[in-house]
Amino acid sequence: METVLSDNKQDILVRLENAHKIYTMGNQKVAALAGVDVAFARGSFWAIMGFSGSGKSTMMNIIGCLDRLTSGRYVFQGKDISDHGDDALSEIRLRHLGFIFQSFNLIPQLTVQRNIELPFYYLGWDAEKSAGHARELAAMVGLEDRLAHRPSELSGGQMQRVAIARALATNPDLILADEPTGNLDSKTSQQIMELLGTFHLAGKTIIMVTHENHIADYARNRLYMKDGRIEEIEGN
């Protein structure tokens, strides 16, 4: 068994215990996770790496409450959420997790402000409170002059900044970034990673999937996956 801790003295935010995820493909069963034991400390910054099919995206989906384990335990903030239903997992995603995707996942019909405000709608905030906080978040990522623009009027880097602002909207305990620079040029990638680094230094916990070493260098810890197992760990 493998257990990864950023620092034994820190609080553990996420823990997988003997985690298995098995997919059935025709007559075959594929073990995307094969008995993973791993813990991520609050305030840490991790890069999960590995070839296609290594299990890194499956681990991200499990941690993000987008999928469930076949067996094993997922402990979040000290609570076993392995058997939580869809509604409970949705609540965790809304209130505790922020997502940043390679494809941005913005709603094209909505302005920058409305895209950032989206989580507030599900929280039941009133329009004035939502708008005010959206403006603050836009300013944090340098988009205060783009609030009325739609995604089609933005560059790739600007769209990812909108996604980051939306991910931060509910002040999440954990930011999950899936290839956050995959669709960006090298200069813009650097800007986005420096922005994420700023939020990490402010105390945010970040778990990022990437296949690029120079992007992983922004994280203080690396976890390498192979065949559904943890192959190697670098960092604290």
Side-chain angles (χ1 to χ4, degrees), residues 43 45 47 57 60-61 63-66 86-87 89-212 214-215 218-219:
F45 191 167
S57 293
M60 179 72 81
N61 287 339
I63 293 173
C65 298
L66 298 170
D86 290 343
D87 290 345
L89 293 178
S90 294
E91 190 73 5
I92 290 172
R93 289 196 301 269
L94 175 63
R95 297 185 179 276
H96 300 286
L97 306 178
F99 295 90
I100 304 169
F101 300 97
Q102 176 179 347
S103 57
F104 317 130
N105 283 17
L106 303 179
I107 298 177
Q109 297 87 353
L110 299 183
T111 63
V112 166
Q113 178 161 331
R114 295 302 186 193
N115 267 285
I116 297 173
E117 287 180 0
L118 196 58
F120 307 141
Y121 169 80
Y122 294 106
L123 288 172
W125 287 19
D126 63 53
E128 184 177 354
K129 181 179 179 181
S130 297
H133 199 39
R135 288 193 293 269
E136 293 175 2
L137 289 161
M140 286 174 61
V141 298
L143 290 177
E144 59 269 34
D145 60 343
R146 294 288 188 271
L147 284 168
H149 289 64
R150 287 179 169 76
S152 62
E153 301 172 301
L154 304 177
S155 67
Q158 289 171 331
M159 284 192 283
Q160 195 60 293
R161 286 173 182 268
V162 177
I164 291 171
R166 184 182 59 191
L168 292 168
T170 60
N171 192 26
D173 299 288
L174 173 62
I175 296 174
L176 296 168
D178 191 357
E179 300 283 3
T181 62
N183 286 333
L184 305 176
D185 60 63
S186 57
K187 181 179 179 180
T188 307
S189 295
Q190 180 180 346
Q191 293 171 347
I192 292 299
M193 291 311 302
E194 288 174 352
L195 184 60
L196 287 178
T198 298
F199 292 124
H200 169 244
L201 290 175
K204 288 298 178 187
T205 308
I206 302 175
I207 300 177
M208 170 180 67
V209 165
T210 184
H211 66 278
E212 300 177 284
H214 70 284
I215 297 300
Y218 286 89

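Numbers for residues simply follow the sequence, beginning at 1.
Using a 4.5 Å heavy-atom cutoff, the side chains of Arg114 and Glu117 are in contact. No side-chain heavy atom of Arg161 sits under 4.5 Å from any side-chain heavy atom of Leu154. Taking the side chain as every heavy atom from C-beta outward, Phe104 and Asn183 approach each other to under 4.5 Å. Using a 4.5 Å heavy-atom threshold, the side chains of Met208 and Ile215 count as touching. Taking the side chain as every heavy atom from C-beta outward, Leu168 and Leu137 approach each other to under 4.5 Å.
Between Pro172 and Gly98, the closest heavy-atom pair is CB-N, 3.6 Å. When all heavy atoms of Thr170 and Pro119 are compared, the pair lying nearest together is CG2-CB, 3.9 Å. Contact between Val209 and Met60 at its shortest, heavy atoms only, is CG2-CE, 3.3 Å. The shortest heavy-atom contact between Gly157 and Thr188 is CA-CG2, 3.3 Å. Residues Ala167 and Phe99 come closest through the heavy atom pair CB-O, 3.6 Å.
For the side-chain hydrogen bond (donor to acceptor under 3.5 Å, both in side chains) condition, the pairs that include at least one residue of residues 131-143, sequence neighbours left out, are His133-Glu136.
Atom-to-atom distance recorded for Gln160:CD and Leu184:CG is 6.0 Å, nearest 0.5 angstrom. Interatomic distance, CD1 of Ile164 versus CD1 of Ile100, reported as 4.5 Å (0.5 Å rounding). A distance of 9.5 Å separates SG in Cys65 from NE2 in His96, rounded to the nearest 0.5 Å. Put simply, CG on Asp178 and CG on Asn61 are 7.5 Å apart, with the number rounded to the nearest 0.5 Å. From Leu94, atom CG reaches atom CG of Leu118 across 9.5 Å, with rounding to the nearest 0.5 Å. Within the model, atoms CG of Leu106 and CG of Asn115 stand 5.0 Å from one another, a figure rounded to the nearest 0.5 Å.
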Contacts under 3.5 angstrom, residues 145-153 side chains, donor-acceptor by atom type, not counting sequence neighbours:
{"unit_1": "Arg150", "atom_1": "NE", "unit_2": "Gln109", "atom_2": "O", "d": "3.0"}
{"unit_1": "Glu153", "atom_1": "OE1", "unit_2": "Arg150", "atom_2": "N", "d": "2.8"}

Stepwise side-chain contact (heavy atoms from CB on, under 4.5 Å) check, Lys204 with Asn171 = CA-CA 9 Å; Lys204 288 298 178 187; Asn171 192 26; 2.5 Å; yes
query = Can you check side-chain contact (heavy atoms from CB on, under 4.5 Å) on Leu123 and Arg95, steps first, answer last?
reply = CA-CA 8 Å; Leu123 288 172; Arg95 297 185 179 276; 3.5 Å; yes
key: Derivation and outcome, side-chain contact (heavy atoms from CB on, under 4.5 Å), residues Val162 and Val141   = CA-CA 8 Å; Val162 177; Val141 298; over 6 Å; no
inquiry  = I'd like to know whether Asp173 forms a side-chain contact (heavy atoms from CB on, under 4.5 Å) with Leu97, so could you lay out the CA-CA distance, the side-chain angles of the two residues, the decisive distance to 0.1 Å, and finally the verdict.
reply    = CA-CA 6 Å; Asp173 299 288; Leu97 306 178; over 6 Å; no
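For the 3.5 Å distance criterion, the side chains of Ser90 and Arg93 qualify, holding a donor opposite an acceptor.
Sparse packing is recorded around CD of Glu128, with 12 or fewer heavy atoms of other residues, nucleotides or ligands lying under 6.0 Å away.
Put simply, the side chain of Thr205 gets close to the backbone of Gly43: a donor and an acceptor are under 3.5 Å apart. Distance alone, capped at 3.5 Å, is enough to place a donor-acceptor pair between the Gln158 side chain and the Ser155 backbone.
In this structure His200 satisfies the side chain to side chain contact (heavy atoms under 4.5 Å, CB included) test together with Phe45, Ile206, Arg220, sequence neighbours excluded.
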